[in-house]
Amino acid sequence: MSEKKTILKKRKDFLRVARGVHVVTTCVIVQAALNLSKKSNQWHVGYTATKKIGKAYVRNRSKRRLRAGVRQIFPQLALPNAEYVLISRHNTHYCPFALLLKDLKYALKKINEQLLGGKR
RNA sequence: AGAGGCGGCCGGACAGCUGCGCGGCAAAAAGUAAGAUUUGACUGUGAGGAAAGUCCGGGCUUUAUGGAAACAAGACACCGGAUAACUUCCGGCCGGAGGAAUCCGAGGGAAAGCGCCACAGAAAAUUACCGCCGAAAAUUUUUUCGGUAAGGUUGAAAAGGCGAGGUAAAAGCUCACCGCUGGGGCAGAAAUGUCACAGGCAAGGCAAGCCCUGUCUAAAGCAAGACCAAGUUAGGGUAAGGUUUAUCCUUAGUGGAGCGUUUUCACUCCGGCCCAGGAGGUAGGUCGCAAGAGCGGUUUGGCAACAAUCCGCCAAGAUGAAUAGCUGUCGCGGAUAUCUUUGCUUGCAAAGCAAUAUCUGUCACAAAACCCGGCUUAUAGGUCGCCUUAAAUU
RNA sequence: GGAGAGAUGGCAGAGUGGUCUAAUGCGGCAGACUCGAAAUCUGUUGUACGGUUUUCCGUACCUAGGGUUCAAAUCCCUAUCUCUCCG
């Protein structure tokens with residue numbers, strides 16, 4: 001499966017997900033929402049880095065690291081039919097990668113519970 | 001040796017796995033206004049010395065028909081050279097810092113003119129308060145007139161400095177030395193240096209105040225711009241001007257228009273025709289966009305910057321923006337442990353350094369966005385070459 | 001990516017070479033008025049270092065570092081940060 005098809009790019013999508021639930025950790029903030037309108041059962045991910053965390057290179061690098069983390073974790077843990085947005089924080093571009101993975105796992109588990117709970 | 005100065009180079013290395021951008025190759029499905037797109041146990045390639053700040057100079061593009069002169073605005077400024085160009089670079093001069101190597105300097109003009117120089121001080125640029133000296137008057141220590149700028153006070157700065165002569169008191173008034181100015185000789189391509197001569201001191205500072213002299217400069221920027229072009233809009237192009245905004249009117253080579261302003265010279269265009277399969281151009285796409293003032297070397301010329309010549313090489317091209325993650329070995333930095341073993345320092349104890357073992361690491365500054373030449377700023381650590389050597393240490 | 005503007009006390013904001021923390025307003029503190037509060041009125045109020053150790057005095061600081069000048073918040077250069085505009 002190509003990675004490209006799973007990426008959110010439109011502003012509209014980001015705004016919709018921002019209305020959903022969110023979880024904050026030291027390295028990353030995760031927002032998520034279920035999307036029932038789309039036919040496919042594939043999960044989607046968007047990446048965000050504000051100007052606050054640094055210059056262009058720092059923002060790009062942060063998003064890149066988040067992408068590397070997503071590749072390892074999401075195939076096992078992500079809910080199908082859900083949309084996630086990962087927001088970089090100011091330590092995302094230099095924190096140890098193991099910590100980043102740990103935070104992602106934790107946030108994903110917690111946010112999935114909230115999503116399923118909210119559904120009922 | 002140590003200390004100091006100048007310049008060059010490197011900017012962790014190698015291997016493996018997963019993943020990303022671009023190019024090539026192969027395959028796939030769909031068929032679009034156009035460009036596309038997707039897949040790959042295929043393949044090639046992928047950040048810097050500052051890519052940064054955007055402070056200068058160019059190329060390139062658009063606007064503008066080209067040249068000349070004046071004005072306006074701005075920039076620069078010792079001399080010579082280099083360069084596409086520069087406020088850059090190289091060599092030299094002068095001034096300053098240092099013991100030296102060496103480093104630093106926006107370094108034209110204040111006798112073209114205007115302006116400013118607070119406070120203090122008599123006076124801040126044709127000056128005289130206190131003084132000093134002489135004369136006259138009055139008179140018991142004052143006034144008036146004249147000479148003078150040695151001495152005093154202020155200040156950032158006070159009209160050549162110092163000594164001697166001179167005088168009523170003084171003064172370049174005169175003289176020696178130093179400084180200054182002038183024209184001349186010599187050296188040099190020049191800035192400038194130097195030599196003797198003469199003048200006889202005659203006008204302080206600020207031009208990063210206005211300004212003067214000389215030289216140079218059109219403006220904006222790849223979000224420049226060119227092309228294709230869904231939707232949508234309704235006439236458009238080819239001269240100028242006018243209004244009532246109508247494909248209307250007026251003018252037409254003895255006229256009008258042509259982009260900082262004015263003048264001038266040359267040049268070009270202009271009185272009806274063309275197009276509905278046409279025009280404009282939004283979303284979107286393609287190009288601009290990677291062979292260049294290119295990079296690495298050879299030889300020749302030059303003190304050098306640099307130029308010429310020959311040989312070899314092709315080295316990122318994104319646009320919601322590619323280089324990431326992990327593992328191993330070595331390197332580097334940091335921490336801890338052990339003197340059991342080995343080496344070194346010390347007379348010994350004790351301790352330290354190296355070695356060894358273990359653990360650990362945002363591994364300096366920093367990330368291309370049209371491209372080059374500079375400048376400026378940031379930068380852990382390593383390495384090479386040349387030069388100086390006063391003091392301190394060995 | 002490109003173009004431009006700005007930075008002054010706790011906050012806003014004058015001051016464009018001259019004696020100087022630097023007008024004014026808001027704020028803070030103290031006092032008056034009030035039973036108490038608000039409003040009003042009056043006074044006061046920056047930081048750091050050094051001397052002194054209550055007071056008081058001196059020096060430095062107008063984003064930072066240099067330069068020009070006798071003298072710089074002001075003129076010139078460099079850097080840092082903030083803001084605005086350009087599809």
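When reading the values below, keep in mind they use all heavy atoms of this one structure, side chains included, and skip hydrogens, waters and symmetry mates.
Rounded to whole Å, the C1' atom of B/rC86 lies 14 Å from the corresponding atom of B/rU215. Look at the P atom in both B/rU139 and B/rA159: the space between them is 44 Å, to the nearest Å. Nucleotides B/rU88 and B/rC372 place their C1' atoms 15 Å apart, quoted to the nearest Å. Only the P atoms considered, B/rU299 is 16 Å distant from B/rC310, to the nearest whole Å. The gap from the P atom of B/rA33 to that of B/rA229 amounts to 13 Å, rounded to the nearest Å. Look at the C1' atom in both B/rG16 and B/rA29: the space between them is 36 Å, to the nearest Å. Taking atom P in both B/rG146 and B/rC129, the straight-line distance is 12 Å, to the nearest Å. One C1' atom belongs to B/rU87, the other to C/rC77, and the distance between them is 12 Å to the nearest Å.
Checking B/rG7 for Watson-Crick or G-U wobble geometry (two distances, each under 3.5 Å) identifies B/rC384 as its partner. Pairing for C/rC85 is with C/rG2, a Watson-Crick or G-U wobble pair whose two hydrogen-bonding atom distances lie under 3.5 Å. For B/rC273, the paired base is B/rG237 (Watson-Crick or G-U wobble, both distances below 3.5 Å). Taking a pair to require two hydrogen-bonding distances under 3.5 Å in either a Watson-Crick or a G-U wobble arrangement, B/rA170 remains unpaired. When Watson-Crick and G-U wobble pairs are counted only if both distances are under 3.5 Å, B/rU338 pairs with no nucleotide at all. Using the Watson-Crick or G-U wobble rule with both distances under 3.5 Å, B/rA68 pairs with B/rU263. Under the Watson-Crick and G-U wobble criteria, each requiring two contacts below 3.5 Å, nucleotide C/rU42 is paired to C/rA30. As the counterpart of B/rA75, B/rU215 is assigned, both hydrogen-bonding distances of the Watson-Crick or G-U wobble pattern falling under 3.5 Å.
Taking atom CG of residue A/L86 and atom P of nucleotide B/rA324, one finds them 20 Å apart after rounding to whole Å. If you measure from atom CG of A/L66 to atom P of B/rG325, you get 11 Å, rounded to the nearest angstrom.
Residues A/V85 and A/V30 form no side-chain contact, since every pair of their non-hydrogen atoms from C-beta on lies 4.5 Å or further apart. In this structure, the side chains of A/Q31 and A/I87 come closer than 4.5 Å at one or more pairs of heavy atoms.
Atom-to-atom distance recorded for A/L108:CG and A/E113:CD is 10.5 Å, nearest 0.5 angstrom.
Taking the O4'-C1'-N9-C4 or O4'-C1'-N1-C2 dihedral as appropriate, B/rA47 has a value within 90° of 0 and is therefore syn. Glycosidic conformation of B/rG49: syn, with the torsion inside 90° of 0. With a glycosidic angle no more than 90° from 0, B/rA315 adopts the syn conformation. Taking the O4'-C1'-N9-C4 or O4'-C1'-N1-C2 dihedral as appropriate, B/rG172 has a value within 90° of 0 and is therefore syn.
Among residues two or more places apart in sequence or in another chain, the side chain to side chain contact (heavy atoms under 4.5 Å, CB included) test is passed with A/K105 by A/I73, A/L77.
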Stepwise side-chain contact (heavy atoms from CB on, under 4.5 Å) check, A/L86 with A/I29: CA-CA 6 Å; A/L86 308 186; A/I29 300 173; over 6 Å; no

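The two residues A/H22 and A/I111 make their nearest non-hydrogen contact at CA-CD1, 4.2 Å.
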